[in-house]
Amino acid sequence: MTAPGEEGSVSSDFVRSYVITGGRSLPSSDDLALHTLVTLAPERTLPLGAGPEVTAIWDLCAGGYLSVAEVAGHLGLPVGVARLLLTDLFEQGHLLHRAEPPRAQNVDRATLEKVLHGLQSLIS
Amino acid sequence: MTSLIRDPLLWILLVVLIAAAFAVMRARRTNLALRRTRKDLESDLGQAQGQLAQQQGYIATLNAQHQGDLADVRADAESSTKAVLKSAMGTLQSLAEEQQLLLDGLLKKYGNDSEVLADLMSVDHTGSQFSRRAKGISVLCGGWLGRRDGTASVYDVARSAQGRIRDFDRVGIHAQVSVSVSAKAVEPVAVVLAELLDNATTYSAPGTPVEVNIQAVPTGVCFIVDDAGLGMDQETKDRAATLLSSDNEVDITALGDPPRFGFAVCGMLATRYGFSVSVGSVSPYGGVRAVIRVPESLLAADAPAPAEPVQEAVSQEAAPQRLTPVPVGPSHVVGRTNGGLPKRRRRQGPISVVPSPDDTAGVDEQTSEPASEVTASRLGAFARGTQLGRITNTMEGPDQQ
């Protein structure tokens with residue numbers, strides 16, 4: 001407890017996430033998976049009146065592809081909330097996304113060795 | 001002579017005379033006695049009146065004393081009620097704060113499950129409203145209001161306030177400025193704005209908008225709250241004006257049942273922290289316009305909000321490592337190969353990630369350093385990719401963060 005006359009410190013998130021989503025229902029997990037990669041569509045300008053979160057997403061995604069989970073991590077927001085914001089931007093055409101990279105297949109050893117040798121010869 | 005003596009009339013006259021003389025004497029005596037009695041009575045009356053005045057004076061003193069005592073007792077009762085309420089609300093505030101922290105953790109933890117997240121958010125919403133009430137009562141009782149460590153942008157202050165009321169989705173926020181409120185004023189301004197928003201949403205029809213406009217004025221920043229309600233009658237306006245301008249203690253027993261402490265809370269906080277609140281003008285929608293004016297002294301000198309620079313720093317520090325390796329333009333999947341691998345559009349520069357021999361010759365350490373990192377990250381990614389194919393993905397978890 002805080003001593004009288006003294007102010008306690010408040011440390012929980014100042015802006016609650018339901019305000020950020022505007023009380024809308026969150027997108028189901030099929031829309032954008034954790035591993036889905038998103039990036040900014042070319043030649044787009046930040047929509048007027050964009051909130052701080054959208055601006056942050058804009059800055060983050062301008063550099064290249066970033067996964068949904070990473071965006072959420074950078075924003076410090078729950079993944080569902082980040083997904084909602086990304087879905088919005090996607091529906092407005094500001095974002096491009098592609099599915100998560102497919103699992104690597106079992107490739108025969110010879111091919112891999114060839115690739116490795118090729119890379120090594122490029123670097124050295 | 002004899003005839004006269006014998007005349008009965010004479011005797012009768014004599015008798016009458018004597019009787020009259022007696023009567024007169026008697027009357028005189030009685031008169032005297034009466035006068036004496038009257039004098040006595042008058043002096044008694046005077047005495048009694050004197051005593052009466054004395055008694056009245058005494059009663060007046062007693063009354064004054066009684067009033068004083070009563071006021072003291074009232075003040076005592078009020079202050080002890082306030083002390084009890086303050087301590088009780090302090091506990092509730094801490095609990096609410098704890099709950100919000102807990103919910104922050106839960107929201108992050110179950111962030112990927114939309115349904116759980118939505119439920120958690122509704123719990124969070126209820127908790128925020130409950131926290132606001134506790135804070136309001138605590139303020140009226142002279143209690144503390146949590147203090148934030150950093151400044152917050154006016155937009156975030158408004159959004160935070162928005163999150164503390166029931167019908168928060170009716171509130172629209174338009175910020176024309178991007179200044180920050182200093183740390184000590186963040187919470188009080190948010191609480192006052194929340195009270196005004198609560199009033200605005202409660203006293204206007206459901207579904208009508210409530211607008212918050214944030215504008216810079218020469219002396220600071222104004223939060224303007226407009227609703228589309230029916231407005232306030234004169235009595236309410238007067239009451240609000242009194243509560244908002246008074247700098248004396250608020251009598252919590254006079255707030256009515258159910259207690260209407262919104263304006264009282266606003267008035268107390270505004271006086272304590274030095275900003276001003278006014279209500280009573282008419283909004284463009286015909287309802288009430290309430291204005292909070294935060295003076296320059298309560299605004300932070302630096303514009304950036306605390307949350308932004310941190311994110312900025314993170315994204316500049318961590319993102320390039322991950323981002324520069326793939327400087328993609330619009331390179332998305334255009335199809336699939338026969339083996340099921342994604343086919344991507346070709347990039348302009350053949351391989352920007354691997355330094356070509358003539359590049360490295362002319363380039364100094366600074367630029368070649370990131371390039372080799374980039375190469376390493378590419379190779380690492382490749383290795384991980386093949387590993388993923390061979391081993392089950394249980395390896396993935398602990399290895400990558």
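Note that this is a predicted model, so its numbers are computed, not measured. A note on names: the letters A, B, ... follow the listed sequences, proteins ahead of strands, and every chain is numbered from 1.
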Any side-chain heavy atom of [X] sitting closer than 4.5 Å to one from [Y]?
{"X": "A:Ser25", "Y": "B:Glu115", "result": "no"}
{"X": "B:Ser122", "Y": "A:Tyr18", "result": "no"}
{"X": "A:Leu26", "Y": "B:Met121", "result": "yes"}
{"X": "B:Arg159", "Y": "A:Ile20", "result": "yes"}
{"X": "A:Val19", "Y": "B:His125", "result": "no"}

Checklist entry - Counting heavy atoms not belonging to B:Arg166, are there more than 12 under 6.0 Å from its CZ? => result no
Should we count CZ of B:Phe130 as having more than 12 external heavy atoms under 6.0 Å? yes
Okay, A:Val68 and chain B: the region with an atom under 4.5 Å from a heavy atom over there is neither
Honestly, the part of A:Leu84 sitting under 4.5 Å from a heavy atom of chain B is neither
The reported gap from CZ in A:Phe14 to CD in B:Gln100 (rounded to nearest 0.5 angstrom) is 11.0 Å
Distance col, row A:Ser17:OG vs B:Leu120:CG, nearest 0.5 angstrom, shows 9.0 Å
Fill in: Salt-bridge present (A:Arg16, B:Asp104; N to O < 4.0 Å)
yes
Of the listed B:Leu117, B:Leu103, B:Leu102, the one with the largest count of heavy-atom pairs under 4.5 Å with chain A is B:Leu117
When the 4.5 angstrom heavy-atom criterion is applied to B:Val171 and chain A, the contacting part is neither
Closest non-hydrogen contact found for A:Gly76 with B:Lys108 is O-CE, 2.9 Å
